[in-house]
Amino acid sequence: MKTRTRFAPSPTGFMHIGNLRTAIFEYLVAKHNEGDFLLRIEDTDQTRKVDGAIDFIYNTLNLCNIAIDEGPNNEGEYGPYIQSERLDIYKKYALELVESGHAYYCFCTEEELEEMREKANLRHKPFLYDGRCSKLSKEKIEENLKNGVPYVIRQKMPKIGETIVEDVIYGKIKIDNSILDDQILLKSDGFPTYNFANVIDDHLMQITHVIRGKEYLDQSAKYNLLYEAFGWDKPTYIHVPMVLGSDGNKLSKRNGDASFMDLYNEGFLPSAIVNYLVLLGWSPSENKEIFTMEELIKAFDPKRIGKSPSTYDIKKLEWFNAKYIRELSDEDYLAFIRPYLSYDVSDKPKEWVDKLLTIYKDHLSYGKQINELVKMFFEEEITISKENEEFLASDENIPLVIKTYYEELKALPVWEPEKIAEVINIVKEKTGVKGKLLYMPIRIKISGVEHGPELPDEIYLLGRDVVLNRLK
Ligand code: GLU
């Protein structure tokens with residue numbers, strides 16, 4: 001059987017990195033087995049819907065080099081791929097379950113349900129629908145339907161025994177049937193619940209592997225009962241542990257947690273984000289950290305996903321991103337970094353700008369950081385920290401070193417990096433000072449900070465006037 005997986009987001013116009021990681025895992029399972037990866041839009045909660053969300057998802061996955069084989073924008077044989085366009089399908093299957101005795105009409109009003117909830121509260125028990133409508137006579141049901149009494153359709157749960165869920169990561173889970181609620185499958189507005197639609201769609205779309213958040217693991221007992229009621233094969237379940245924010249809480253849009261687009265706009269490369277996210281909870285069998293998509297497809301084995309939640313660590317992501325930035329060709333690097341530079345360079349020669357950006361290639365963790373790094377080239381005043389001021393005052397040779405630089409640079413006939421590098425040697429010979437005491441004073445004086453790119457490049461790009469002025 002051909003492997004088929006699906007990514008099934010709600011169209012909220014937002015993708016946090018936990019969702020994206022799930023999509024990547026789904027894609028890798030499909031492609032490792034030469035199968036198909038589908039996009040299905042779960043918009044049964046119409047209040048969360050956002051215009052343009054589908055294109056946003058395509059765009060995000062496309063940036064990540066994840067191609068959707070079938071979905072709303074490229075329909076295959078199993079459409080529609082948007083749940084709100086499949087309402088008649090859900091209705092048909094819900095009625096089939098009513099017919100076979102695995103589901104029933106429920107006409108309970110909101111007041112009746114509230115009363116049941118209150119009773120459960122008083123007894124400190126979780127609310128379970130008491131099943132009263134499952135006992136209605138055929139005639140009563142007919143009459144209600146004829147009179148247009150609003151109804152939902154509920155799944156009829158077994159009251160005894162247990163249901164088993166088998167999961168690739170968590171193994172065999174047993175759920176006591178007595179705790180299963182006669183959950184709603186079809187709401188009174190004709191929309192299915194997620195709990196129903198996911199089963200119908202996964203079956204009809206011939207999904208072989210369901211990969212989703214661990215919060216659905218226990219729920220899968222109910223889904224299994226639905227598969228059994230229909231006599232359908234169950235998919236392979238791969239429930240993945242959560243990604244937590246650095247505060248230990250679940251990632252969420254509400255907490256403003258890392259969204260893919262935010263990271264992208266900050267200047268994180270999608271390939272680095274993908275690489276980082278895959279290793280967040282999955283460990284390869286070989287001791288290796290940097291993977292291309294092709295390598296991931298080859299290496300990915302979902303059995304190696306761990307059971308415990310992982311923590312999103314921006315520092316680690318920055319480390320990956322820095323590595324990926326360094327791997328770019330100079331041409332690709334310039335095309336990548338140029339849009340992040342927010343200083344006005346319209347009066348500077350292109351060579352100067354390109355060189356400036358290039359000398360920071362090995363120093364960058366993400367695109368926007370370039371502005372912080374090149375600040376000294378654009379701002380009149382540089383600020384020297386207290387520690388650096390203390391350093392400048394810490395050795396009696398420093399004033400002489402600075403003075404010698406000043407004189408030698410002033411006298412330099414040709415202003416170019418090679419000649420400037422020679423000046424450093426001359427200062428070394430003339431003052432007898434070497435190492436940190438030779439480099440740091442000039443670096444701090446001209447840039448304000450103690451680290452930076454190659455000193456001759458930095459001096460060259462600042463230009464003679466600025467350098468002499470700052471040394472003075
Ligand atoms: N719409 C569900 C979610 O975003 C999908 C869960 C699933 O993959 O089945 O959590």
Side-chain angles (χ1 to χ4, degrees), residues 3-30 35-50 53-54 56-58 60-61 66 68-72 78 80-86 90 165-170 173 183-185 187 191-227 232 234-244 250-255 257 259-260 277 281 302 305 309:
T3 297
R4 286 167 63 84
T5 65
R6 84 301 192 273
F7 179 43
S10 301
T12 59
F14 176 90
M15 202 184 303
H16 70 57
I17 49 148
N19 293 137
L20 178 57
R21 189 192 65 163
T22 307
I24 300 167
F25 284 168
E26 283 153 355
Y27 176 75
L28 292 176
V29 167
D36 295 331
F37 171 68
L38 283 69
L39 174 66
R40 180 171 78 224
I41 300 299
E42 302 209 326
D43 61 346
T44 55
D45 179 357
Q46 292 272 306
T47 56
R48 298 179 67 202
K49 205 166 123 184
V50 164
I54 294 175
F56 174 85
I57 295 165
Y58 269 88
T60 299
L61 296 182
I66 294 177
I68 297 167
D69 296 306
E70 288 166 36
Y78 301 89
Y81 294 80
I82 301 178
Q83 287 186 329
S84 59
E85 294 172 14
R86 300 170 62 80
Y90 306 124
V165 176
E166 288 215 54
D167 182 85
V168 168
I169 294 164
Y170 292 94
I173 312 281
Q183 63 176 349
I184 297 176
L185 304 178
K187 297 184 269 187
F191 274 77
T193 54
Y194 163 80
N195 292 331
F196 188 49
N198 90 87
V199 171
I200 302 299
D201 290 344
D202 285 340
H203 171 74
L204 294 179
M205 295 179 181
Q206 299 195 9
I207 300 303
T208 56
H209 296 68
V210 166
I211 301 156
R212 63 184 161 212
K214 178 170 180 237
E215 62 271 28
Y216 294 101
L217 179 60
D218 288 354
Q219 303 286 331
S220 300
K222 300 175 184 175
Y223 313 149
N224 279 358
L225 289 166
L226 287 171
Y227 283 105
W232 293 341
K234 299 175 190 99
T236 299
Y237 290 125
I238 306 174
H239 285 92
V240 298
M242 259 184 238
V243 180
L244 303 175
K250 199 177 155 188
L251 291 179
S252 77
K253 180 180 177 182
R254 215 169 303 138
N255 293 340
D257 280 318
S259 90
F260 170 82
L277 286 181
I305 297 174

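Values in this document were obtained by computation on a predicted structure and should not be read as measured data. First listed ligand is number 1; within each ligand, the first listed atom is number 1.
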What is the nearest protein non-hydrogen atom to [atom], stated with its residue, atom name and distance?
| atom | result |
| --- | --- |
| atom 3 (C) of ligand 1 | Tyr216 OH, 3.5 Å |
| atom 7 (C) of ligand 1 | Tyr194 OH, 3.3 Å |
| atom 8 (O) of ligand 1 | Arg6 NH1, 2.7 Å |

If you draw the axis of the six-membered ring of Tyr78, does the NZ or CZ of Arg6 fall within 45° of it and under 6.0 Å from the ring centre?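 Geometry flag: not set, cation outside 6.0 Å or 45°.
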
Select one of side chain, backbone, both or neither to describe which atoms of Phe7 lie under 4.0 Å from any atom of ligand 1, heavy atoms only.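 For Phe7, no heavy atom sits under 4.0 Å from ligand 1.
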
Compute the shortest N/O to N/O distance between Pro9 and ligand 1 and return yes if it is under 3.5 Å, no if not.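 No; the residue has no nitrogen or oxygen that sits under 3.5 Å from a nitrogen or oxygen of the ligand.
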
Polar atom proximity, Glu26 to ligand 1 (N or O, under 3.5 Å):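 The answer is no, given that Glu26 and ligand 1 share no N or O pair closer than 3.5 Å.
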
Please check if the side chain of Asp36 supplies one atom and the backbone of Asp69 the other of a donor-acceptor pair under 3.5 Å.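 Pair absent, no side-chain N/O of Asp36 close to backbone of Asp69.
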
Taking Thr208 for the side chain and Arg4 for the main chain, is one N or O donor matched with an acceptor at less than 3.5 Å?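 At least one qualifying donor-acceptor pair exists.
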
Using the six-membered ring wherever Trp is involved, compare the ring planes of His16 and Phe14 and label them parallel, tilted or perpendicular (cut-offs 30° and 60°).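 Ring orientation of His16 relative to Phe14: perpendicular.
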
Just go through Glu215, Arg40, Glu42 and tell me whose heavy atom is the nearest to atom 2 (C) of ligand 1.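 When every heavy atom of Glu215, Arg40, Glu42 is considered, Glu42 comes closest to atom 2 (C) of ligand 1.
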
Apply salt bridge (Lys or Arg N to Asp or Glu O under 4.0 Å) to Arg40 and list each qualifying residue two or more places apart in sequence or on a separate chain.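 With sequence neighbours excluded, Arg40 shows a salt bridge (Lys or Arg N to Asp or Glu O under 4.0 Å) to Glu42, Asp201, Asp202, given in chain and number order.
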
Only one of Tyr27, Phe7, Tyr81, Tyr58 passes side-chain contact (heavy atoms from CB on, under 4.5 Å) with Ile68; say which it is.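 With Ile68 as partner, side-chain contact (heavy atoms from CB on, under 4.5 Å) holds for just one option, Tyr58.
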
